[in-house]
Amino acid sequence: MNGWQRKSPLDWETYVNKMVKVAAVEKHEYEGWVLTVDPVSASIVLATSLENEKTSISVILGHAVQEVEILKEGDDERKQWLSCILAPEESKAYSPEELEKRKNDLKTWLETNHIPVTEQGESGRTLCVAGVLTVDPPYGPEECSSSNEIILSRVQGLIQGYLEKQQ
């Protein structure tokens, strides 16, 4: 085990959102912004900006890392860029008011269609459908969760149809 692998997750966290130079085995060197460090394998995930607004993602396996040198701290704009790299294209931030409206609209629509629905959790943010399926914010088909795959598939289809009608 090398020195990098012996570090703790709290040590690795100090490298996140920073420009680093990684010296690896066989004299390989990598530069980029640290997206994350895998706490199990100690692998480093680096992001690099390319021309044409594309991003390159590199993973340096933990056992190959020999030394990591911080070159530059990330500013707020850089941290925002890094946080959006792996976010799905269609994901967008919703205000608390928008989320509340989406939740209430979906709940009303489900109840109108005679599907039993309740609110769960301390803040009531999660919808529970028929006691066997949950829908988390922002209340789309991807946020549905159930151990019953048939119910999951059908409710996801219903929500997808409902959202398409809303647009």
Side-chain angles (χ1 to χ4, degrees), residues 1-107 119-128 133-146 152 156 159-160 162-164 166-167:
M1 219 193 289
N2 63 33
W4 176 255
Q5 289 175 299
R6 285 193 195 92
K7 290 184 182 287
S8 75
L10 290 175
D11 294 330
W12 293 323
E13 189 177 30
T14 63
Y15 291 88
V16 173
N17 296 327
K18 295 184 177 139
M19 168 71 92
V20 297
K21 183 193 295 189
V22 179
V25 294
E26 297 181 10
K27 299 185 180 172
H28 289 286
E29 284 193 351
Y30 305 89
E31 275 190 26
W33 293 91
V34 178
L35 269 174
T36 190
V37 179
D38 177 50
V40 175
S41 67
S43 299
I44 304 171
V45 181
L46 296 179
T48 311
S49 301
L50 304 173
E51 309 81 51
N52 65 13
E53 296 184 26
K54 299 259 185 209
T55 303
S56 169
I57 304 291
S58 306
V59 178
I60 298 93
L61 301 179
H63 66 81
V65 175
Q66 292 181 328
E67 186 181 340
V68 180
E69 175 189 350
I70 295 175
L71 302 176
K72 191 161 120 186
E73 297 283 330
D75 57 10
D76 288 339
E77 188 176 318
R78 181 61 60 179
K79 289 176 186 175
Q80 178 66 33
W81 173 73
L82 289 166
S83 71
C84 293
I85 288 177
L86 298 178
E89 280 299 313
E90 68 276 358
S91 100
K92 72 172 202 180
Y94 292 96
S95 71
E97 297 78 24
E98 288 174 309
L99 284 176
E100 188 66 23
K101 182 181 182 330
R102 285 177 64 93
K103 178 185 77 172
N104 292 333
D105 289 351
L106 178 59
K107 183 178 178 189
E119 295 181 17
Q120 280 187 336
E122 289 178 25
S123 57
R125 290 173 41 109
T126 300
L127 292 178
C128 182
L133 179 136
T134 59
V135 187
D136 293 312
Y139 309 104
E142 302 82 26
E143 289 78 38
C144 292
S145 176
S146 176
L152 176 64
Q156 284 177 320
I159 292 174
Q160 184 66 42
Y162 160 74
L163 292 174
E164 286 170 1
Q166 297 300 318
Q167 295 175 349

Hey, does the side chain of [X] reach the backbone of [Y] with a donor-acceptor pair shorter than 3.5 angstrom?
{"X": "K103", "Y": "G124", "value": "yes"}
{"X": "N2", "Y": "E67", "value": "no"}
{"X": "N104", "Y": "E100", "value": "yes"}
{"X": "D11", "Y": "S8", "value": "yes"}

May I ask you to check whether over 12 heavy atoms, not counting those of E77, lie within 6.0 Å of atom CD? no
Rounded to the nearest 0.5 Å, what separation is found between the [atom1] atom of [X] and the [atom2] atom of [Y]?
{"X": "Q66", "Y": "K27", "atom1": "CD", "atom2": "NZ", "value": "10.5 Å"}
{"X": "D38", "Y": "L61", "atom1": "CG", "atom2": "CG", "value": "10.0 Å"}
{"X": "S83", "Y": "R78", "atom1": "OG", "atom2": "CZ", "value": "12.0 Å"}
{"X": "E143", "Y": "T134", "atom1": "CD", "atom2": "OG1", "value": "10.5 Å"}
{"X": "R125", "Y": "Y139", "atom1": "CZ", "atom2": "OH", "value": "6.0 Å"}
{"X": "I57", "Y": "T48", "atom1": "CD1", "atom2": "OG1", "value": "7.5 Å"}

If I compare all heavy atoms of [X] with all of [Y], which pair ends up nearest, and what's the gap?
{"X": "C144", "Y": "I159", "answer": "SG-CD1, 3.6 Å"}
{"X": "I70", "Y": "K18", "answer": "CD1-CD, 3.9 Å"}
{"X": "V20", "Y": "V34", "answer": "CG2-CG2, 3.5 Å"}
{"X": "G140", "Y": "L163", "answer": "CA-CD1, 4.0 Å"}
{"X": "A42", "Y": "W12", "answer": "CB-CZ2, 3.5 Å"}
{"X": "L35", "Y": "L82", "answer": "CD2-O, 3.4 Å"}

Salt-bridge test for D75 and K79: reply yes if a basic N is under 4.0 Å from a carboxylate O, no otherwise. no
T126 and E119: CA distance, side-chain angles, deciding distance, side chain to side chain contact (heavy atoms under 4.5 Å, CB included) verdict: CA-CA 6 Å; T126 300; E119 295 181 17; over 6 Å; no
Walk me through it: do W33 and L46 pass the test side chain to side chain contact (heavy atoms under 4.5 Å, CB included)? CA-CA 5 Å; W33 293 91; L46 296 179; over 6 Å; no
Is the centre of the Y15 ring less than 6.0 Å from the centre of the W4 ring? yes
Side chains of L106 and L127 in contact at under 4.5 Å (non-hydrogen atoms): yes
So S43 and I60, do their side chains get closer than 4.5 Å, heavy atoms only? no
Modelled atom types, side-chain donor and acceptor of Q160 and Q156, under 3.5 Å: no
